[in-house]
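Here's the structure, in structure tokens; my notes come after.
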Amino acid sequence: MSPEANSSKGAATRELILSRALEMAEAKGLDALTIGTLAEAAGMSKSGLFAHFGSREDLQLAVLEVAVRQFTDEVFAPAVRERRGMPRLRAILGNWITRTLRYGEDRGCPIGAAVQEFDDRPGPVRDRVLSYVSHLRREISRAVAMAVEQGHTRTDVDPEQFAFEIHGLMLAFHYE
């Protein structure tokens, strides 16, 4: 087998593993995800998983990255096609609501779960989660600022405060 074929097979296996890991994180949270539970669920050996992820932490970070990429693809990417200002902000919120509703009763957003699971545990996973949440709030703030610039809201609206409030409302919606 050529090196390219091995590399392609390895990438496909990694994507398959991450897909299964994301399903598990949506069902039980990121903290419940271990090399052992994932190996069993994926029908692989622990050593096979270690070849792709050197540690549980590396696995958790990779799953977070996939979850963020999906969130971006489902929430922000379609919204960018909307006009700047309130139409784009509405699209972001509508897409976020649609994504949240898709989870149903037995699953949840692994990013949201990780915020709670790692809020009091220092380390790379917590740092990454905080980075993602900060980035999300900045993007919402930017969309609000565009709405102000376009004259779609009052000029005295504070985009950062508004983004904070939107984020809080979306979290409440998600958890309720």
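Numbers here are sequence positions counted from 1.
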Side-chain heavy atoms of S141 within contact of F162, under 4.5 Å:
no
Consider only side-chain heavy atoms of I, L, V, M, F, W and Y, link residues closer than 4.5 Å, and tell whether I97 and V75 are in one cluster.
yes
Checking R137 against E160 for the salt bridge (Lys or Arg N to Asp or Glu O under 4.0 Å) test, could you report, in this order, the C-alpha distance in whole Å, the side-chain angles of both residues, the deciding distance, and whether it holds?
CA-CA 8 Å; R137 291 249 300 272; E160 288 181 22; over 6 Å; no
Following the transitive rule for hydrophobic clusters with a side-chain heavy-atom cut-off under 4.5 Å over Ile, Leu, Val, Met, Phe, Trp and Tyr, establish whether V115 and Y103 coincide in one cluster.
no
More than 12 heavy atoms of other residues, nucleotides or ligands under 6.0 Å from CZ of F173: is that the case?
yes
Looking at S19 and E15, would you say the former's side chain and the latter's main chain have a donor-acceptor pair under 3.5 Å?
no
Flag side-chain contact, heavy atom, 4.5 Å: L16 against R20
no
Side chains of M44 and T13: does their closest heavy-atom pair fall under 4.5 Å?
yes
Rounding to 0.5 Å, atoms CG (D58) and CZ (F53) come to a distance of 8.5 Å
Decide salt bridge (Lys or Arg N to Asp or Glu O under 4.0 Å) for R107 and E26; before the verdict, give the C-alpha distance in whole Å, the side-chain angles of both, and the deciding distance to 0.1 Å.
CA-CA 5 Å; R107 294 174 36 232; E26 288 173 348; 2.8 Å; yes
Side-chain touch V125/L61, heavy atoms, less than 4.5 angstrom:
yes
Do the side chains of L101 and L93 join up, straight or via other hydrophobic residues, at under 4.5 Å, putting them in one cluster?
yes
Within the supplied structure, the quantity of interest is the number of heavy atoms (other residues, nucleotides, ligands) at a distance under 6.0 Å from R56 CZ; does it exceed 12?
yes
How many angstroms lie between atom CG of L38 and atom CD of E23, to the nearest 0.5 angstrom?
10.0 Å
Side-chain heavy atoms of P124 within contact of E57, under 4.5 Å
yes
Any link between V133 and V68 through a network of hydrophobic side chains (Ile, Leu, Val, Met, Phe, Trp, Tyr) touching at under 4.5 Å?
yes
Do R121 and F118 form a cation-pi contact, if we require the NZ or CZ to be under 6.0 Å from the six-membered ring centre and within 45 degrees of the ring's axis?
yes
Short question: side chain of Q60, backbone of L30 - any donor-acceptor pair under 3.5 Å?
yes
Do the non-hydrogen side-chain atoms of R88 and M146 ever get within less than 4.5 Å of each other?
yes
Backbone of G85 reached by a side-chain donor or acceptor of H152 within 3.5 Å:
no
With a 4.5 Å cut-off on side-chain heavy atoms, are R126 and D120 touching?
no
How far does CG of N95 sit from CG of D73, to the nearest 0.5 angstrom?
11.5 Å
Determine the minimum heavy-atom distance between A79 and I92, stating which atoms define it.
CB-CG1, 3.5 Å
In short, R102 meets E74 closest at the heavy-atom pair NH2-OE1, 3.4 Å
Check the surroundings of atom CZ in R83: do more than 12 heavy atoms from other residues, nucleotides or ligands lie under 6.0 Å from it?
no
Decide side chain to side chain contact (heavy atoms under 4.5 Å, CB included) for L136 and H167; before the verdict, give the C-alpha distance in whole Å, the side-chain angles of both, and the deciding distance to 0.1 Å.
CA-CA 9 Å; L136 170 64; H167 187 236; 3.8 Å; yes
Around atom CD of E40, are there more than 12 heavy atoms from other residues, nucleotides or ligands closer than 6.0 Å?
no
Any donor-acceptor N or O pair under 3.5 Å, side chains S131, S134:
no
At what distance, to the nearest 0.5 angstrom, does CG of L64 lie from CZ of R69?
12.0 Å
Value for CD (E82) from CG (L89), rounded to nearest 0.5 Å, stands at 11.5 Å
Flag if over 12 foreign heavy atoms under 6.0 Å of OH, Y132:
yes
Going by heavy atoms in the side chains, are V63 and M24 under 4.5 Å from each other?
no
Spacing of E165 atom CD and I140 atom CD1 [to the nearest 0.5 Å]:
12.0 Å
Linking I/L/V/M/F/W/Y whenever any side-chain heavy atoms sit under 4.5 Å apart, do V129 and F164 land together?
no
T100 side chain vs W96 backbone, donor-acceptor pair below 3.5 Å
yes
